[in-house]
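Computed over heavy atoms, backbone and side chain alike; hydrogens, waters and symmetry mates excluded. All of these numbers come straight from a predicted model, not from anything done at the bench.
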Amino acid sequence: MVHRGLNIDGDAEAHRKYHEALIHKAEERTRFYAELRVKLAEKGIWAVVVFVSAALFWYIKEGPKQ
């Protein structure tokens, strides 16, 4: 049997290594996206803090509209 250029007939070691490589790739992808979500959340929180601070500063500086 040939799977994506890998002959796995009777070669259990190569077959195992192929699946280990797939598992490692999937784990790396999972780790990458988990770290990406954390970084995006941190940046989003900072953006909200900066926006609220700027709005509060402007409100204090200008005063309420009458």
Side-chain angles (χ1 to χ4, degrees):
M1 178 180 187
V2 176
H3 183 70
R4 295 186 184 179
L6 178 64
N7 185 0
I8 59 174
D9 283 335
D11 193 357
E13 182 67 20
H15 187 73
R16 182 184 59 78
K17 287 181 180 180
Y18 172 74
H19 282 281
E20 286 176 351
L22 289 179
I23 292 167
H24 179 70
K25 185 177 178 182
E27 289 170 345
E28 287 294 317
R29 184 181 304 124
T30 301
R31 199 169 11 261
F32 169 77
Y33 282 113
E35 291 173 3
L36 180 64
R37 282 191 297 271
V38 169
K39 289 178 184 177
L40 286 173
E42 289 173 352
K43 304 253 188 269
I45 289 170
W46 274 112
V48 168
V49 168
V50 169
F51 176 79
V52 169
S53 298
L56 189 59
F57 174 77
W58 177 80
Y59 179 77
I60 291 170
K61 181 181 167 202
E62 296 295 321
K65 298 283 182 183
Q66 294 185 7

- Cluster question for you: counting only ILVMFWY and a side-chain heavy-atom cut-off of under 4.5 Å, with indirect links fine, are Val48 and Leu40 together? no
- Decide, yes or no, whether a salt bridge links Glu20 with Arg16 under the criterion of side-chain N to carboxylate O below 4.0 Å. yes
- Pairing of Arg31 and Glu28 as salt bridge, 4.0 angstrom limit: yes
- Note on the structure: When every non-hydrogen atom of Val49 is compared with those of Ser53, the smallest separation belongs to O-OG, 2.8 Å
- Do Phe51 and Phe57 sit in the same hydrophobic cluster, where Ile, Leu, Val, Met, Phe, Trp and Tyr count as joined when their side-chain heavy atoms come under 4.5 Å apart? no
- Is there a side-chain contact between Val38 and Glu42, using heavy atoms and a 4.5 Å cut-off? yes
- Distance col, row Asp11:CG vs His15:NE2, nearest 0.5 angstrom, shows 10.0 Å
- Hey, could you give me the CZ/CD distance between Arg37 and Glu35, rounded to the nearest 0.5 Å? 10.5 Å
